[in-house]
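Some notes on the structure that comes next.
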Amino acid sequence: MTRTPPSLLAALVLAAWAHQPALALAQAAPGAPRAADAPARRGLFVVVEVGGSGLDAAAIRAAVARDLGIVLAPSAASAAGTMKIRLVARRRVAIELTRESGRALARTIELPETPSEAVEAVALLAGNLGRDEAGELLAELRGAEPSDVSPPPPTEGAAGPSPPGPASPADAADAPAAASGPASGAAGGERAPAPAAAPPAPPPGARAPGAPARPRRAAPEVVEPPPPAALTATPIQVSLLHPVALYRDADERRFHAILGAVHARGGALEGASLVLGLAEIGDVRGLSITVGATSARSASGLLVAAGWNHVEDAMAGVTIAAGGTDQGSLHGLAVAAGGNFARGPVHGLQIAAGGNVARGYVGGLQIAAGANVARGGMHGLQIAAGANVAHGEVNGLQLGLVNVGGHVHGVQLGLVNIADRVDGIPLGLVNVISEGRTRLVLSGDADGFARAGVRYLNGPAYTTLGLGQDLTPSHPRRDDVSADFALGLQAELGPVFAGGEIVYSATTTSNDAFSREPDRHIARYRARAGWQITPWLAPFVAVGVLQQFRSEGNRERLDASAGLEVF
């Protein structure tokens, strides 16, 4: 019997591995001989750097393990390979797979906008990269350039059954004798040995011999960047107007210090730079001060500019500009006299005299004299002298003249509050809640005022904005009018509702004969109850204490009113 060469047997085993859902380099062949002193190395160690992408590292690791069909190794020491997944921007990912020999394979793609689709795209690319790497390893063992990850054709003398071929005439003649005659060398009368058992069925998930290769899922379109050239470490760059500088090849160097007049460039900065005009630097790790503007691919540290700070990808640290700032994502603080703009998520603080805009999710604080916008939702606090706008989920507080949110979990405090739904309290003169209720309220007080207003009810809380007119017959020459605002809570039990409220009224006299009479400020603290007679009509009564604030002293007395709520 011909002895199968060990190297050829190993190649065939690895060929079978290449078409399993897991990485060939991450599994051990059952029954394969191993050195006694060599520890078993299984699995793949996956490192995920989400940066400012807003994606979940645990979800990415789980998706990669599911796509490859393997259990991830807990550490690099126990793994047969290391995969590094780095989100270099909100919509771009770079994946590098390195095996024990040190050889690496890398891919980069653009990601979809939706987080769930982005995680799936990362898993697809990781699986495709892992299978490609297994094919390259197999080809290397066979001593050929990798062309496909399909197993090699059967080789004569190799272990395992060969696919059946057409029978020759000699074979056809020998077949009956082999089936009925005694075995060669057997004693007379002995029965022939039983035919060999059929080869075992392939394990689940394996490809049967002769079966077509299993189609693989199509990976996202791969953008192959040129391998990055190593930057030359250089102490200092002095530039007048690039390329009029100490080093003309500044883009290929990493500087510890940059001094520039009109225009300075650098491949990377690990230290400090001072530029009077425009500074264009690849990666900034440290301090950059410009009178004009700074443009960087990524930055961590402190950027200060009298004009503008621009960071293409992630900004981790502090960016301050008199004009404005913009970055792919923000982890830290952005301060601008003009405005701050983030194309991705914000985790930290944005402060601007003009406005703050985040196209992604905001986890932290936005403060602006103008407006704050969080297009991906907000968890934290928005404060603006003008308007606050947050799309989607809002968890926290919006404080401004106008507040706009999707589903608000918390408080909206302003003159006008607008939301799809509020699980909390909207405190404003006007509350427009899609899932709330708006009612017309008509009432009369014991002091002779007739009042009309609009009540905005959201859950148990409500606010009322209205006007009042004095109709007392004993004051024919007076023309008292009031502006009213009420804040209350009520509970509903079937058609009956009851609660309490605080009402503030500012009353003034418009008649000329009483024009010198000062405005009167009144507060009412009262309980109210009503009955929903029909879907569009509910009478109510309210009793409590009225407190009148005057310069000569406050006065209190009992107060009562009755009215109708019209739907």
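This chain uses plain numbering: 1 for the first residue, then up along the sequence.
Looking at D470 and T507, their side chains never come closer than 4.5 Å, going by heavy atoms from C-beta outward. A heavy-atom distance below 4.5 Å is found between the side chains of P539 and I533. L457 has its side chain within reach of E492: a pair of non-hydrogen atoms, C-beta onward, lies under 4.5 Å apart. Residues S482 and F449 meet the side-chain proximity criterion, which asks for heavy atoms closer than 4.5 Å. Under the 4.5 Å side-chain criterion, counting only non-hydrogen atoms from C-beta, R265 is not in contact with Q237. In this structure, the side chains of R524 and S561 stay at 4.5 Å or more apart for every pair of heavy atoms. Counting heavy atoms from C-beta outward, M315 and L303 have side chains that approach closer than 4.5 Å. A 4.5 Å side-chain heavy-atom check between E312 and S295 finds every atom pair outside the cut-off.
Partners of R359 under the salt bridge (charged side-chain N to carboxylate O under 4.0 Å, His left out) rule, at least two apart in sequence or in another chain, do not exist in this structure. Considering only residues two or more places apart in sequence or on other chains, R297 meets the salt bridge (charged side-chain N to carboxylate O under 4.0 Å, His left out) condition with D283.
Counting all heavy atoms, side chain and backbone alike, A305 lies closest to G292 at CB-O, 4.1 Å. Closest non-hydrogen pair, A358 versus V362, comes out as CB-CG2, 3.5 Å. The two residues V394 and G405 have their closest heavy-atom pair at CG2-CA, 4.1 Å. V119 and A59 get closest at one heavy-atom pair: CG1-O, 3.9 Å. The two residues R526 and V543 come nearest to each other via the heavy atoms CB-O, 3.0 Å. Contact between A337 and A353 at its shortest, heavy atoms only, is O-CB, 3.1 Å.
With rounding to the nearest 0.5 Å, the separation of CG in L381 from CG in L365 is 5.0 Å. To the nearest 0.5 Å, atoms CG (N340) and OG1 (T319) are separated by 7.5 Å. Atom-to-atom distance recorded for N554:CG and I522:CD1 is 11.5 Å, nearest 0.5 angstrom.
A side-chain contact (heavy atoms from CB on, under 4.5 Å) with S273 is found for exactly one of L287, I289, I281, T294, namely I281. Each of Q366, Q350, Q412 was scored for a side-chain contact (heavy atoms from CB on, under 4.5 Å) with Q382, with one residue passing: Q366.
E49 has a carboxylate O that lies under 4.0 Å from a charged side-chain N of K84, or vice versa, which qualifies the two as a salt bridge. At a threshold of 4.0 Å, the pair E565-R437 does not count as salt-bridged, since none of the basic side-chain nitrogens sits closer than that to a carboxylate oxygen.
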Assess the residue pair Y525 and Q547 against the criterion (side chain to side chain donor-acceptor pair (under 3.5 Å)); give the C-alpha distance rounded to whole Å, side-chain angles, the decisive distance to 0.1 Å, and a yes or no. CA-CA 8 Å; Y525 315 97; Q547 186 176 31; 3.0 Å; yes
Side chain to side chain donor-acceptor pair (under 3.5 Å) evaluation trace for E393 with H379: CA-CA 8 Å; E393 296 280 336; H379 189 119; over 6 Å; no
Take D326 and H310 through the side chain to side chain donor-acceptor pair (under 3.5 Å) test and state the conclusion after the steps. CA-CA 5 Å; D326 75 277; H310 167 78; 2.6 Å; yes
